[in-house]
Amino acid sequence: MPKSGSTLLANYQEQLLEMTGQQSGQDALKRAFGGRYVAEPRLTALIRLLGINFLSGTVVVKNHWELTALLKSFVKLGVVKVTMNFRDPRDVILSALDHGRRSRAKGVKTGEFTEYHSVVDSIPFVKKLVSVFIAWSDYSPVHLIKYEDLISEPVTELKKMAAFLEWEVSEDQVRSVVQHQRTVRKEALNFNKGTTQRWKVEMTDDEVAQTTKAFEPFLTQMDYEISI
């Protein structure tokens with residue numbers, strides 16, 4: 001889920017993969033796709049990823065893919081393991097607006113959330129993101145990672161994730177990765193404040209009312225409070 005710590009999570013995963021001692025295909029992945037982010041789960045892209053995995057080793061692929069029948073088939077085959085992070089949609093809006101402002105300040109004209117200028121105008125976009133999350137959360141096996149837990153208890157959450165991925169890493173290794181990311185993440189364009197429950201402080205009463213009403217059907221399912 002965008003603006004829910006997906007870059008931070010991918011950073012964690014890449015570093016932990018190195019520590020497992022497994023053969024890593026990350027360099028091959030980045031050469032083939034220009035980075036670890038793969039925009040669309042087309043069959044040709046998935047076949048290329050399988051080839052990289054077979055020839056070069058395990059890969060961490062950052063993406064924001066919707067759940068499709070094709071992806072379900074790859075998961076059922078056991079060749080893909082899915083982790084998905086999520087966040088209070090009201091905070092997703094604020095993070096997207098921050099990102100958009102920073103992008104525009106750097107001269108970015110399109111994409112990078114530059115088209116979003118207000119809380120209310122961002123609601124339809126974030127509703128789509130939540131719908132994608134709900135579809136994945138109802139599908140098994142998928143490992144869900146709550147942004148707020150990843151920020152407050154990163155070692156605990158990463159140990160759970162490593163167990164799901166069947167990666168053998170020690171707690172000391174996990175702690176070292178967490179500490180490293182704390183020193184570098186603030187420099188990233190797509191990492192903003194890294195705080196939780198921003199909506200309680202930064203939104204107006206009207207914005208809180210409108211966003212809470214818009215997302216109320218999902219907030220309980222996502223384990224978030226509906227009111228202040």
Side-chain angles (χ1 to χ4, degrees), residues 1-12 37 39-40 62-67 82-139 142-154 156-157 181-182 185-228:
M1 188 174 180
K3 308 317 304 173
S4 301
S6 56
T7 295
L8 175 62
L9 182 61
N11 290 344
Y12 281 144
Y37 181 77
E40 298 289 340
K62 181 187 174 187
N63 64 82
H64 299 304
W65 299 340
E66 295 184 20
L67 180 61
V82 179
T83 61
M84 185 170 192
N85 49 322
F86 65 101
R87 185 181 192 177
D88 189 315
R90 294 162 292 192
D91 275 357
V92 171
I93 286 177
L94 293 174
S95 186
L97 292 174
D98 284 347
H99 194 154
R101 283 190 289 268
R102 293 172 66 180
S103 298
R104 290 191 295 271
K106 289 180 177 289
V108 178
K109 302 298 183 183
T110 59
E112 298 286 344
F113 303 96
T114 53
E115 64 269 46
Y116 302 107
H117 296 265
S118 74
V119 167
V120 174
D121 289 345
S122 304
I123 290 176
F125 164 69
V126 176
K127 266 191 168 182
K128 291 180 182 178
L129 301 183
V130 172
S131 296
V132 172
F133 164 75
I134 295 298
W136 276 110
S137 67
D138 289 339
Y139 180 69
V142 174
H143 183 70
L144 302 177
I145 302 170
K146 193 174 184 179
Y147 174 83
E148 292 79 2
D149 293 339
L150 185 63
I151 294 298
S152 63
E153 298 290 341
T156 299
E157 292 305 309
Q181 289 302 320
R182 281 175 176 162
R185 68 190 185 190
K186 291 183 180 179
E187 299 176 7
L189 175 63
N190 50 357
F191 188 85
N192 301 316
K193 298 183 179 180
T195 56
T196 61
Q197 296 187 324
R198 291 178 55 189
W199 62 275
K200 290 185 176 182
V201 177
E202 299 181 33
M203 285 188 182
T204 66
D205 290 345
D206 183 61
E207 289 170 340
V208 169
Q210 292 200 54
T211 54
T212 299
K213 181 179 180 180
F215 298 113
E216 187 171 355
F218 310 109
L219 291 173
T220 300
Q221 186 172 350
M222 299 172 77
D223 195 28
Y224 291 112
E225 60 185 301
I226 294 177
S227 60
I228 297 177

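The first residue in the sequence is number 1, and the count goes up from there. Given the structure is predicted, the values throughout are model-derived calculations rather than measurements.
Closest heavy-atom contact between K109 and T114: O-OG1, 3.4 Å. The nearest pair of heavy atoms linking A214 to P217 is O-CD, 3.8 Å. Taking all atoms of both residues into account, the shortest heavy-atom contact from H117 to E115 is CD2-O, 3.5 Å. Between V208 and T211, the shortest heavy-atom contact is O-OG1, 3.2 Å. For V142 against M84, the heavy-atom pair with the smallest separation is CG1-CB, 4.3 Å. What you find for Q221 and S137 is that their closest heavy atoms are NE2-OG, 4.1 Å.
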### Query
side-chain contact (heavy atoms from CB on, under 4.5 Å) between D149 and T156: does it pass, once the steps are laid out?
CA-CA 9 Å; D149 293 339; T156 299; over 6 Å; no
### Query
Given L8 and Q181, is the side-chain contact (heavy atoms from CB on, under 4.5 Å) satisfied, shown in steps?
CA-CA 8 Å; L8 175 62; Q181 289 302 320; 4.0 Å; yes
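In this structure, CZ on F86 lies 10.0 Å from CG on D88, to the nearest 0.5 angstrom. Interatomic distance, CE of M203 versus CG of L94, reported as 4.0 Å (0.5 Å rounding). Atom CZ of R90 and atom CD of Q197 lie 8.5 Å apart (nearest 0.5 Å). For the atom pair CE (M222) and CZ (F215), the distance works out to 9.0 Å, reported to the nearest 0.5 Å. Interatomic distance, OG of S6 versus CD1 of I145, reported as 11.0 Å (0.5 Å rounding). L97 CG to R102 CZ: the interatomic distance, rounded to the nearest 0.5 Å, is 13.5 Å.
Note: Y139 and W136 have perpendicular aromatic rings, judged against thresholds of 30 and 60 degrees for the angle between ring planes. The aromatic rings of H99 and F113 are tilted relative to each other, their planes meeting at an angle between 30° and 60°.
I123 is not listed as a side-chain neighbour of P89, based on a closest heavy-atom distance of 4.5 Å or more. Put simply, the side chain of V92 does not reach to within 4.5 Å of the side chain of P2, judged on heavy atoms. Y12 places a side-chain heavy atom less than 4.5 Å from the side chain of P154. By the 4.5 Å heavy-atom criterion applied to side chains, N85 and L150 are not counted as neighbours. No side-chain heavy atom of Y116 sits less than 4.5 Å from a side-chain heavy atom of D121. No side-chain heavy atom of L129 sits under 4.5 Å from any side-chain heavy atom of K3. Within the 4.5 Å cutoff, the side chain of V119 has no heavy atoms near those of the T204 side chain. Proximity of Q210 to K213: side-chain heavy atoms (C-beta onward) are nowhere separated by under 4.5 Å.
Checking side-chain atoms of T212 against main-chain N and O of A209 turns up no donor-acceptor pair under 3.5 Å. Distance alone, capped at 3.5 Å, is enough to place a donor-acceptor pair between the D91 side chain and the W199 backbone.
R198 has a carboxylate O that lies under 4.0 Å from a charged side-chain N of D98, or vice versa, which qualifies the two as a salt bridge.
Remark: K146 is positioned above the aromatic ring of Y224, its terminal NZ or CZ atom under 6.0 angstrom from the ring centre and at most 45 degrees off the axis.
A donor-acceptor contact under 3.5 angstrom links the side chains of T7 and K62, judged on distance only.
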